[in-house]
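Here is the structure we will look at, set down as structure tokens.
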Amino acid sequence: MKQKNPVLHLVNEIEIPKWLLFFSVLLSVIGSIFQLIVPLFTQNIVDNFSEVIKNKYYIIVFVFIFLLSSILNGLSIYLLTKLGENIIYSLTNKVWNHILRLKTSFFDKNSNGELLSRIIDDTKSINSFITEIIPSFFPSIIVLFGSIFFLFMLDWETALIALISIPMYVILIIPISNVMQKLSYKTQLETAKVSGVIAHVLSKIKLVKLSNSINKEFRQTNSYLRNIYYLGVKEGVINSIVVPLSTLIMLVSMGGVLGFGGYRVASGAISPGTLIALIFYMTQLTDPIEKISSLFTGYKKTIGASQRLSEILSEEKENLQNNNLNILNSVDLSFNNVSFSYDENNHVFTNLSFTIPKNKITAIVGPSGSGKTTILNLISRLYEIQSGSIKYGTNSIYDYSLVNWRKNLGYVMQNSGVLNRTVKSNITYSLQETPCIEDIIYYSKLASTHDFIMKLPNDYNTLIGEKGINLSGGEKQRLDIARNFIKTPGILLLDEATSNLDSESEHKIQESIKNVSNDRTTIIVAHRLSTVLKADKIIFIDNGEITGMGTHEELLARHSKYKNMIELQQLK
Ligand code: ADP
């Protein structure tokens with residue numbers, strides 16, 4: 001759904017402390033009024049110096065106004081900074097909280113680098129619009145029109161000459177600043193791209209090295225960097241024209257005012273103080289014009305950023321707590337005419353039906369790409385089916401709240417890896433409360449992890465992951481198994497859980513699976529013969545369709561592909 005105004009939509013989404021915005025704008029408006037008064041004071045001081053110097057009240061008021069305007073200015077900067085930080089904080093929190101809850105399919109479609117840039121850069125550009133551009137709008141209008149008013153009030157003839165600079169400014173500076181905005185937007189996009197690529201390459205650094213692709217990756221990043229460089233040089237070229245040109249415009253009109261004003265002073269039409277005040281007001285014209293024009297270009301940029309953030313915020317979240325249905329103990333799990341595709345062009349299942357018997361070990365086997373992992377992804381509700389039903393007993397699995405459903409579910413995924421924390425908190429990661437160490441040790445032993453953990457420098461308190469000790473693939477997998485065993489889930493899903501293990505650990509894990517699967521429904525995606533042999537039921541899936549179901553002996557007798565698979569493994 002397209003939002004009418006994404007900036008307003010977003011502003012409504014977060015709670016901006018309106019009183020902060022109001023006071024900061026108010027203070028800067030008051031500051032700009034003082035800014036308008038100062039030239040008048042100066043005029044008076046120049047023209048009536050001998051009298052003014054005697055009038056101590058006048059001096060006091062003058063000093064007071066200066067001091068007050070500095071204090072108000074300081075206060076307004078403080079309030080605006082506070083407001084800005086507040087906006088970044090709320091917006092980043094809101095977007096991050098939303099992203100964490102989005103459906104898995106969202107993460108398939110969006111790269112991490114891009115999401116990171118949305119969270120960081122887009123919130124920043126919205127913040128600068130709200131805290132820098134909007135608040136300067138009112139003061140700019142006041143200073144611009146106030147200065148024009150006082151110029152005409154002081155001497156309309158000199159004022160006309162002073163105002164020649166405005167159309168020149170508008171004709172030259174505004175289009176150029178538009179181009180500048182576009183350039184800086186492009187630079188931002190290129191920077192986001194390059195940071196995405198760098199993050200990706202770093203995460204795959206071993207693959208890059210092994211594939212001798214260092215130069216290839218360098219060249220690719222280099223082309224982005226070169227784009228950023230050219231954009232920067234273009235900005236430089238424009239600046240090299242704009243800065244001297246605007247100084248020239250300023251000098252020409254200043255020269256005009258000084259020449260004509262000097263003539264007016266000499267002819268006695270205006271006083272010297274008035275000329276000084278006129279020049280003062282003239283110098284105050286350019287800044288507001290630039291600020292007002294940056295409001296329009298800044299607004300365009302903010303619309304882009306807000307639109308992207310609004311898009312994320314309108315993405316559908318997973319509903320974690322839709323229902324409080326209690327999870328039933330030990331019932332069959334059944335797929336009934338399930339159809340599913342990850343995206344429109346890729347149908348994985350059409351009308352798939354089968355039953356997973358309660359408290360038994362069911363193995364799913366079949367060629368790779370046939371949909372075995374997808375079945376586990378659907379049971380764990382990482383993805384939702386498009387039609388048909390998945391039932392747990394008589395209820396649809398979608399009738400249970402997601403939190404309850406996942407509490408009852410263990411899922412040892414392929415390469416789920418470890419988190420940057422201690423061994424102990426890795427094992428207890430999915431539990432709400434940390435269990436006693438005896439329990440942790442018990443389940444670690446069951447997953448054959450205890451022995452290697454005891455060899456680590458601080459046993460269960462050793463820091464692992466990127467910032468700690470690196471574990472072997474098999475060790476990581478066993479930790480993942482321990483993490484899922486300790487949950488004592490009603491349904492245990494294992495995806496090639498033994499693929500990274502040596503034969504001794506594999507044997508131990510097989511034993512543990514046998515132990516823990518006594519009172520739970522266990523579904524194993526298996527390639528290995530040993531796993532398959534122990535299963536109570538085997539489902540053979542080929543290209544999204546079930547081509548055979550039964551025990552090992554039954555399939556061996558009637559399923560040629562299964563027989564082939566077993567024979568191939570025995571040959572090894
Ligand atoms: P298996 O586990 O049997 O090897 P999968 O269930 O992983 O097979 O994959 C089944 C099909 O779905 C494959 O064609 C695969 O390319 C596709 N697939 C798997 N995951 C995704 C995903 N996240 N997005 C799109 N397609 C996917």
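Nothing here was measured: the structure is a model prediction, and the numbers come from that model.
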- Note on the structure: Nearest heavy-atom contact between Tyr460 and His450 is OH-ND1, 2.9 Å
- Message: What I want to find out is whether Arg483 reaches Asp480 closely enough, with some N-O distance under 4.0 Å, to be called a salt bridge.
- Response: yes
- Query: Using the benzene-type ring in the case of Trp, are the ring centres of Trp405 and Tyr392 under 6.0 Å apart?
  - Reply: yes
- Task: Kindly compute the distance separating CD1 (Ile356) from CD1 (Ile523), expressed to the nearest 0.5 Å.
- Result: 4.0 Å
- Message: Going by the rule side chain to side chain contact (heavy atoms under 4.5 Å, CB included), which residues pair with Thr191 if we only count those two or more places apart in sequence or in a different chain?
- Response: Thr187, Ile228
- Task: Step through it carefully: locate the ring centre of Tyr443, locate the ring centre of Phe485, and say whether they are under 6.0 Å apart.
- Result: no
- Message: Any donor-acceptor pair under 3.5 Å linking the side-chain atoms of Ser330 with those of Asn359?
- Response: yes
- Compare all side-chain heavy atoms of Leu333 with those of Thr355 and state whether any distance is below 4.5 angstrom. no
- Message: Can you confirm whether the side chains of Ser389 and Asn336 place a donor and an acceptor under 3.5 Å from each other?
- Response: yes
- Message: Could you check whether Arg381 pairs with Glu318 (Lys NZ or Arg NE/NH1/NH2 to Asp/Glu carboxylate O, under 4.0 Å)?
- Response: no
- Query: Side-chain contact, heavy-atom cut-off 4.5 Å: Lys360 with Thr521?
  - Reply: no
Under 3.5 Å, which donor-acceptor pairs link side chains of residues 370-377 to any protein atom two or more places apart or in another chain?
from, atom 1, to, atom 2, distance (Å)
Ser370, OG, Pro367, O, 2.6
Ser370, OG, Ile541, O, 3.4
Lys372, NZ, Gly366, O, 3.0
Lys372, NZ, Pro367, O, 2.9
Thr373, OG1, Asp495, OD2, 3.0
Thr374, OG1, Tyr342, OH, 3.0
Asn377, OD1, Tyr411, OH, 2.9
Asn377, ND2, Tyr342, OH, 3.3

- Query: Can you check whether Glu315's main-chain N or O pairs, donor with acceptor, with His98's side chain at less than 3.5 Å?
  - Reply: yes
- Taking atom CG of Asn97 and atom NZ of Lys317, what is their separation to the nearest 0.5 Å? 6.5 Å
- Verify, without hydrogens or angle tests, whether Asp122 (side chain) and Leu309 (backbone) share a donor-acceptor contact under 3.5 angstrom. no
- Message: If I compare all heavy atoms of Asn337 with all of Ser353, which pair ends up nearest, and what's the gap?
- Response: N-OG, 2.8 Å
- Query: Within a strict 4.5 Å, meaning less than it, do heavy atoms of the Leu494 and Val525 side chains meet?
  - Reply: no
- Task: Mind listing the closest non-hydrogen atom pair of Ile481 and Ala447 along with its distance?
- Result: CG2-CB, 3.9 Å
Taking distance alone, no hydrogens or angles, what donor-acceptor pairs closer than 3.5 Å link side-chain atoms of residues 545-554 to residues at least two apart or in another chain?
from, atom 1, to, atom 2, distance (Å)
Thr547, OG1, His559, NE2, 2.9
Thr551, OG1, Glu554, N, 3.3
His552, ND1, Tyr562, OH, 2.6
Glu554, OE1, Thr551, N, 2.9

- Message: Can you see whether Arg226 engages Asn222 through a side-chain donor-acceptor pair at a distance of less than 3.5 angstrom?
- Response: yes
